[in-house]
Amino acid sequence: NSYSFNYDLSLRNKLKVQIDDKFDQIFNQVNKELLPASLVENFTKFYFENKDISDRINKIGSASLLINNDRYKFLSASISQKNGKLFSLQHGANIGIYAYSIQEELEKKYCTKRFCWTQKDGIGNTHLQKLNNFKNKKILDQILIFTTAYHYHDFSQSTLFKMYLKKYHPVANLNFNLFENFSKKLKQKTAVKLYPKKNSFLVYQDWKKKYGNEIKIYYKNNLNSYKLMSSAKIVILNDFSTGLCELLYLNKPTIIVCESLVEYNVSFTNKIKKLKKINFYFDDSMKASKFLNSNYDNIEVWWQKITANKEFKNFKKHLFNESKKFSYNKLAKSILEI
């Protein structure tokens, strides 16, 4: 549930540290105004609302609530204080790839066990298995540009500098340059799938303003992305995202066009860089356009070579385990053993 609250300035004025320097003075002013309501006005509500539940639970887990939901945080804290156990389930391809991730810091510190997509037993991969129904669909003659979320005024949970990267920018985006340098033939075959987010309508307007009816644009939330993926001849991504894992699991011809790797950790970055020579990863949209202009008709042959490449196989293993051993019974048993 979403909780409203009445801003209690008199209460917030009591929240302060002893002032020894200018920083303390600034801290008191900023902290007073910006401290989350869950720790001030709504604290009592959250604390007592969870008490009855936490008395009856000794294990709790979630895919993303530990970082995204205040009520769940309070509940988890109450259970932990009573020597209960927390566990996490991987939500998306945001685990083990970033140089810094608030989510990973929290999970590593507080979770007794983490179920990740890369586990050798396959139990942690609760998501990709459901895509089997979309495999081996009829291949259509289409290029699909599958974008990441554009940010007009957003803050990333993973890194502090996403705002400065073009792949997250709604206007100065590499996808525009990519499309502009396609041949006339390829432009006619290209469609764009925007990230299912409210401000995608604004991005849709940017695309329409620049290209009118030259390109088909999918932006509504109710569209089935997997059907679009499985029916495309090749998909172009501008991010190392959940969509990438899904495409590789589907064995769909894919390329990445991303101008910077600054947000990723060293291990992941080294694996990515090795994929430039096989034309899977591009840091230059012009080079990506040139590659597709020359190789589009033989993409299936190129993809067969890619999937047999040793570096590519290692890269996939860094993202997920293709094991088909997953079952909810095995997951439940593993949770009971925590």
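These numbers come from the heavy atoms of this one structure, side chains and all, not from hydrogens, waters or symmetry mates.
- In this structure the side chain of Phe115 reaches within 4.5 angstrom of the side chain of Ile123, judged on heavy atoms.
- A side-chain donor from one of Gln29 and Glu33 sits under 3.5 Å from a side-chain acceptor of the other.
- Judged purely by distance below 3.5 Å, without hydrogens or angles, the side chains of Glu311 and Asn309 never pair a donor atom with an acceptor atom.
- Phe176 carries Lys210 over the face of its six-membered ring, with the cationic atom under 6.0 Å from the centre and within 45° of the normal.
- Side-chain contact of Ser334 with Lys113: a donor-acceptor pair under 3.5 Å is present, judged by distance alone.
- Ring geometry for Tyr281 against Phe240 counts as tilted: the plane angle lies between 30° and 60°, on a 0 to 90° scale.
- A donor-acceptor contact under 3.5 angstrom links the side chains of Lys32 and Asn13, judged on distance only.
- To the nearest 0.5 Å, the span separating CD1 on Ile234 from CD1 on Ile299 amounts to 4.0 Å.
- Here the side chain of Gln205 pairs no donor or acceptor atom with the backbone of Trp207 at under 3.5 angstrom.
- Aromatic rings of Phe291 and Trp302 (six-membered ring for Trp) have centroids within the 6.0 Å cut-off, being under it.
- Ring centroids of Trp303 and Phe312 are separated by less than 6.0 Å, placing the two rings close together.
- Contact check for Tyr110 versus Ser80: no side-chain heavy atoms found under the 4.5 Å cut-off.
- Taking the six-membered ring where the residue is Trp, Tyr211 and Phe179 present perpendicular rings, their angle passing 60° and hence far from 30°.
- Side-chain contact of Asn177 with Ser285: a donor-acceptor pair under 3.5 Å is present, judged by distance alone.
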**Request:** Evaluate the criterion ring-ring contact (aromatic ring centres under 6.0 Å, His included) for residue pair Phe315 and Phe268; output intermediate values, then yes/no.
**Result:** CA-CA 8 Å; Phe315 175 73; Phe268 190 65; 5.7 Å; yes
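- No close placement of the Tyr219 and Tyr195 rings is indicated, their centers lying 6.0 Å or farther apart.
- Clustering of Ile, Leu, Val, Met, Phe, Trp and Tyr by side-chain heavy atoms under 4.5 Å joins Ile19 with none of the others.
- No donor-acceptor pair under 3.5 Å is formed between the side chain of His127 and the backbone N or O of Glu246.
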**Request:** Given side-chain hydrogen bond (donor to acceptor under 3.5 Å, both in side chains), test Asn181 with Ser289 step by step and report yes or no.
**Result:** CA-CA 6 Å; Asn181 288 284; Ser289 298; 4.9 Å; no
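- The distance from atom CG of Leu131 to atom CG of Leu247, rounded to the nearest 0.5 Å, is 9.5 Å.
- Note on Val30: it does not cluster hydrophobically with Phe23, by side-chain heavy-atom contacts below 4.5 Å among ILVMFWY residues.
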